[in-house]
Amino acid sequence: MKFSYYPGCTVHSTAIEYAKSIDAVLDVLGIELKEIEDWNCCGAAAAHSIHRQLGLSLPARNIAQAQKQVALSSQLITSCPGCFNALKRADYALRNDGETRQEIENVVGFSYSGEVKIRSLLDILNNDVPQESLTAKVKKPLNKLKLVCYYGCALVRPQAVTELDNPENPMMMDTLMDLMGVDVRDWSYKTECCGADLALTHGDLVQKIVGRLIEHAKDAGAEAIVTSCGLCQANLDMRQTGPDPLPVFYFTELMGVAMDVPNRKAWWSKHIVDPGPLLSRLGYE
Amino acid sequence: MNYELSGQTVARDASFANEVIEATGVRVDRCYQCMTCTLGCPVADVMDYPPNQVMRLIDLGAKETLLRSRTIWMCVTCETCFARCPNQIDTAAVMDYLREEATAQGVEVPEARIQLLHRVFAENIKSFGKVHEATMLMAYKLKSKDFFSDMGIGLKLFLKGKIPLFPSKVKGMQEIKRIFEKTYDKTFGGRS
Ligand code: SF4
Ligand code: SF4
C-alpha cells in the first residue's frame, strides 16, 4: 500500500516520538508513505480562529500540492488530528460551497480537482488494512496493560466534515488496541476537550481540565492513556499534577511495543511522564 | 422590543442575526435555548456569556457586547456544541466570525493574550510557511511581556529535544506570502 503523506509541523518537534513510531509500525505493515512536496503548516487553530479565509487557504495549498502527485496516490494521509481537521474543512468547503471554492482557488492560485481524498491514519489502519494482517504482526500481546482511549475533538468533530466514526463514542483506537491484546477500559470522556491551545495562555485552567480527565481515567481502572493527537498528548503528559501520573502514549507507540519493533527507548525519552516503570513492571519493555 | 443588558435598556436589532447568517451560513435563528451547547462546553464556566447566551445576544442584536466579550476568546473550537445541538447550529463557526470581526475592528478585547497568541502563530507561518515553536514562543513572550508564566513547560520541551533551534522554511514562500496578502494582511492591515 502506498499513500501520499502530510506529516504536519509537529513531526519534527513536539510529536517526534509519534512520527518515529509511525515510521516503525508502517514499515512492519508494508505501508509506504510519500511525503507531499514542500508542504506548509495547515494553520492549526490559530488561522481559522481569527481569519476564516486564511484558515481555509493554508490547508488548501497542501491539497494543491497533493493534487500534483495524484498519479502516485489519490489518498492523502495525515496522522495529526489537528491537521486532518484543517485539511478536511478546506476540502469540505472546496467540494460543497462554490463561492468559497472560487475565493480559495483565487487566493491559493490553483484549480481544485476533487481527486484527492483526505484520510486519517487511524481510518486507514481500521478500514484498509485487514485485521488479520495486524494481528499477524503482534509478537507480544499487551493483555496486562489497562488503558483508556482518548480521541479529543479534532479527529471526530464536526462529523459532516471529518466523516469518521461515531463522534460521541468513536471506536477506531479501541479496536486497534483490542487487536494488540490491550485491556481497553470504557469511559465517557473519550471526546472531551483537553483545553487545547489554552495551555499556553491559561495553564491553570488546562491543568484543571486535564485533572478531571485523569481522575476519570483512573476511575475506569486505567494505568495509561492512549491518544492520536499531539496536542492532547502534550497537555495530558505535561499538566498532570497529582501523585502517580499516567503515561500518555501515542497509539502507534503501543502498536510498536506489541509488534516488538526496535529502538523504542528513544520514544520513551521524549515523554514527560516516563512510561518506562509501567512497561517494565508489566514486562513490555 | 426592548431588553435589559448590564442595567441598560436597549432596543432589539434583528439585523445582526442576519449579518451572522449571511457571513457564516449558520442558521442562528433556529436556536430554541435548550442549553445543550452550554452543558457540553468545556470552558462555559470561564466565559462571561455561555454559548446559549451567545445565541440569545445575537438574536437581540447585541454585537458590541459580543465583540467585547471574553467568551469568544475562551472558545477552543472543540465543536462539542455543534455536535450536540438539536438544531445543527455551528456555534464554533459563529465564534470564529466574532473573533475575526473583533480583530478587524481593532476592538480592545479582554483576553488580549489569546488573541495575541493566534496572531503570533499566524505571523510565524507567514515568516516560514511552517510553525517554528522557538521563535513563535519567543515572539509571544516578548509581545505579551508575560515572561514568567509557564516558562517551565517550554524549558521541559526544550530539554527533551522537542523544540528545534532552527526553523525550516517552505520553498514556495511567494505562495505563502500571496495567501497572507489576499487574506490576513488585507483584513488586518499592518496592525499588530
Ligand atoms: S444547543 Fe443549539 S438550540 Fe440548544 S441552546 Fe445551544 S445553540 Fe440553541
Ligand atoms: S466550540 Fe467553543 S463554545 Fe462550542 S463547546 Fe467548544 S469551547 Fe464551547
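The shortest side-chain heavy-atom distance between A/Gln233 and A/Tyr150 does not fall under the 4.5 Å cut-off. Annotation: side chain of A/Cys229 is not in contact with side chain of A/Leu155 (no heavy-atom distance under 4.5 Å). Side-chain contact check for A/Lys20 versus A/Lys270: every heavy-atom pair is 4.5 Å or farther apart.
Within the 4.5 angstrom heavy-atom criterion, no atom of A/Ile104 approaches chain B. Of the two parts of B/Glu181, neither the backbone nor the side chain holds a non-hydrogen atom closer than 4.5 Å to a non-hydrogen atom of chain A. Only the side chain of A/Glu168 has a heavy atom closer than 4.5 Å to any heavy atom of chain B. Contacts between B/Ile125 and chain A at a heavy-atom distance below 4.5 Å involve the side chain alone, from C-beta outward. For a residue to count as touching a neighbouring chain, one of its non-hydrogen atoms must lie under 4.5 Å from one of that chain's; by this rule B/Leu116 does not touch chain A. Heavy atoms of B/Tyr140 lying under 4.5 Å from chain A belong exclusively to its side chain.
Of all residues in residues 61-81 of chain B, those placing a non-hydrogen atom less than 4.5 angstrom from a non-hydrogen atom of chain A are B/Arg70, B/Trp73, B/Met74, B/Val76, B/Thr77, B/Cys78, B/Glu79, B/Thr80. Using a 4.5 Å heavy-atom cut-off against chain A, the contacting residues of residues 10-48 of chain B are B/Pro42, B/Val43, B/Asp45, B/Val46. Scanning residues 85-94 of chain A against chain B with a 4.5 Å heavy-atom cutoff picks out A/Arg89, ordered by number. Contacts between residues 86-100 of chain B and chain A, counted as heavy-atom pairs separated by less than 4.5 Å, involve B/Asp96, B/Arg99, B/Glu100.
Highest contact tally toward chain A, considering only B/Val120, B/Leu117, B/Asn124, B/Ile114, is held by B/Ile114 [criterion: heavy-atom pairs under 4.5 Å]. Each of A/Cys194, A/Ser57, A/Ser49 has some count of heavy-atom pairs under 4.5 Å with chain B, and the biggest count is that of A/Ser49. Ranked by heavy-atom pairs under 4.5 Å with chain B, the list A/Ala154, A/Ala45, A/Gly109 is led by A/Gly109. Of the listed residues (A/Arg212, A/Gln159, A/Arg61), the one with the most heavy-atom contacts under 4.5 Å to chain B is A/Arg61. The candidate from A/Thr10, A/Val156, A/Ile209, A/Val108 with the greatest count of non-hydrogen atom pairs under 4.5 Å with chain B is A/Val108. Counting heavy-atom pairs under 4.5 Å between each of A/Asn106, A/Asn40, A/Ile50 and chain B puts A/Ile50 at the top.
Using modelled atom types and a 3.5 Å distance limit, the side chains of B/Lys177 and B/Gln174 yield no donor-acceptor pair.
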